Amino acid sequence: MKFETLAIHAGQEPDPNNGAVMTPVYFTSTYMQDGVGRPRQGYEYSRTMNPTRKALQDCLAALEGGSLRQAQGEAFGLAFASGLAATDTVLRLLSVDAHVLAGNDVYGGTFRLFDKILRRFNLDFTFADTTDPESVADALTPSTRLVWLETPTNPYLRITDIRAVAEIVHAHANKPLLVVDNTFATPYLQRPLELGADIVVHSMTKYLGGHSDVVGGAVVVKDKELADRLYFLQNAVGAVPGPMDCFLVLRGIKTLPLRMERHYENAMAIVDFLANHPKVEKVIYPFHTSHPQQKVAQHQMKNGGGMVSFIVKGGKEAAIRVVEATKIFALAESLGGVESLIEVPAAMTHLSVVGSQLEVDPALIRLSVGLEHQSDLIEDIKQALEKA
Ligand SMILES: *Cc1c(COP(=O)(O)O)cnc(C)c1O
């Protein structure tokens, strides 16, 4: 089955008891057993598994697994209470003194978790420019157990060649795990497992949910043994989403392909507008001819996605004036919803990286381009830029 069909049907079958087409929200913490140690359908307790969560997990596996399912067996999905809960659980695969090599442009919250929390548990983190596969090769050490990258990154939209990095990482004697945070691309645009990654992580809060109404995270892997270790951690650590959250993400995913196409069309129109605007110093977008890795992006992504960054002339003050002047673009953190959002990462989402090597240009504005009409969005940016 093709992606659009899987997005609507994978993991979800009409209820055999009553024909309900939509997966019910199973508000139950526990399940009656037929005898001691004999649960009816494998369900015992909802931290361990819940039918609504199972539908979502199976759907995620189908979407990220894609052609893997036919070629090499299955993929396995796990849902979490947030993207960071997913990240934290993945890092618990490691033991004391393991080295983690991460991209130098990772999501601010990921950096904070690594730098402020997990370092205290004696995990060692270094950060490298993963857009250059050679610098990944140079930064691997004998104790590297995990390599973490994001592509496109937030907010610079830098692109890493997943296949090239996977080859380098897997040639290393330790066979570190390669993790790709696929939040910005979504499985509709890019499937890291097919390109050689071992683990895919998502903030479902963003495009997968797609309607700014739920917080959630996901992990998808293709190796059964790795999946079993993660299911164990998911249950043992317990950072699981509730059934209502799972339902909202399942519903959001049904329209993911349509939404990603329109996010792209709208983003491209805005990119063209910004590229020719006298108050814009630079526009950053993976599929734009000015992007240094446009070729890699076009090779591994179906389209350029809905995130656009640009640097406005006039520095921090100008950037703040612009984001406070839009009327349709809402001044807010987060991204990936149907509504357009605008923010200044240096002063908002990326405050936690100020003073670190991940610091962001204070004049950089990040757009999450939504699904409103293109011309309304362009008019809005246009009038806001007049205040720059
Ligand atoms: C938002 C985000 C996260 C964290 O996800 P939460 O759901 O907010 O915990 C991780 N990675 C990226 C790229 C994100 O945008």
Side-chain angles (χ1 to χ4, degrees), residues 56 60 64 77-92 100 102-118 127 130-131 146-160 162 179-190 192 197 199-220 234 237-242 245-246 248-249 252-253 256 260 263 284 286 301 305-309 332-337 341-343 345 348-353 358 360 364 366-370:
L56 172 60
L60 293 165
E64 282 290 357
L78 300 95
F80 292 90
S82 69
L84 283 175
T87 301
D88 183 58
T89 304
V90 168
L91 269 287
R92 285 170 197 257
V100 176
N104 63 5
D105 193 10
V106 291
Y107 174 69
T110 302
F111 177 72
R112 182 175 54 199
L113 173 65
F114 290 177
D115 188 56
K116 297 278 194 304
I117 316 277
L118 296 174
F127 297 87
T130 59
T131 65
L146 191 143
V147 174
W148 186 282
L149 63 86
E150 254 176 57
T151 181
T153 62
N154 176 23
Y156 279 102
L157 306 174
R158 294 189 181 117
I159 303 294
T160 292
I162 297 172
V179 188
V180 176
D181 180 334
N182 203 25
T183 299
F184 272 39
T186 82
Y188 179 68
L189 302 188
Q190 165 176 289
I199 302 179
V200 172
V201 168
H202 279 279
S203 169
M204 302 192 297
T205 315
K206 315 296 168 53
Y207 288 106
L208 291 178
H211 296 75
S212 307
D213 53 8
V214 61
V215 171
V219 174
V220 185
Q234 184 190 36
V237 177
V240 295
D245 292 353
C246 293
L248 287 170
V249 178
I253 286 175
L256 179 68
M260 294 315 290
H263 283 302
I284 306 170
M301 296 170 70
M307 299 303 294
V308 175
S309 292
E333 300 191 359
S334 198
L335 59 109
L341 305 178
I342 190 166
E343 67 132 356
M348 297 171 67
T349 47
H350 286 59
L351 263 184
S352 61
V353 298
L358 282 82
V360 177
L364 185 143
R366 188 187 81 177
L367 304 177
S368 173
V369 179

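This one's a predicted model, so the numbers in the text were calculated from it and none came from an experiment. Ligands are counted one by one from 1 in listed order, and the atoms in each one are counted from 1 as well. Throughout, numbering of the chain's residues begins at 1 and tracks the sequence.
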Distance-only, no hydrogens or angles: does the Thr130 side chain make a donor-acceptor pair with backbone N or O of Leu149 under 3.5 Å?
no
Main chain of Leu78, side chain of Gln234: is a donor-acceptor contact present, judged purely on distance under 3.5 Å?
no
In a simple table, one pair per line, please give the protein and ligand 1 atom names for every N or O pair closer than 3.5 Å, along with the distance.
unit_1	atom_1	unit_2	atom_2	d
ligand 1	5 (O)	Ser203	OG	3.0
ligand 1	7 (O)	Gly83	N	2.9
ligand 1	7 (O)	Ser203	OG	2.8
ligand 1	7 (O)	Thr205	OG1	2.7
ligand 1	9 (O)	Gly83	N	3.0
ligand 1	9 (O)	Leu84	N	2.9
ligand 1	11 (N)	Asp181	OD2	2.7
ligand 1	15 (O)	Lys206	NZ	2.7

Below 6.0 angstrom between ring centroids: does that apply to Tyr207 and His202?
no
Under 3.5 Å, is there a donor-acceptor pair between the side chain of Ser309 and the main chain of Tyr156?
no
Between Thr160 and Thr151, do the side chains contain a donor N or O and an acceptor N or O under 3.5 Å apart?
no
If the condition is ring-ring contact (aromatic ring centres under 6.0 Å, His included), which residues does Phe114 pass it with, not counting sequence neighbours?
Phe125, Trp148
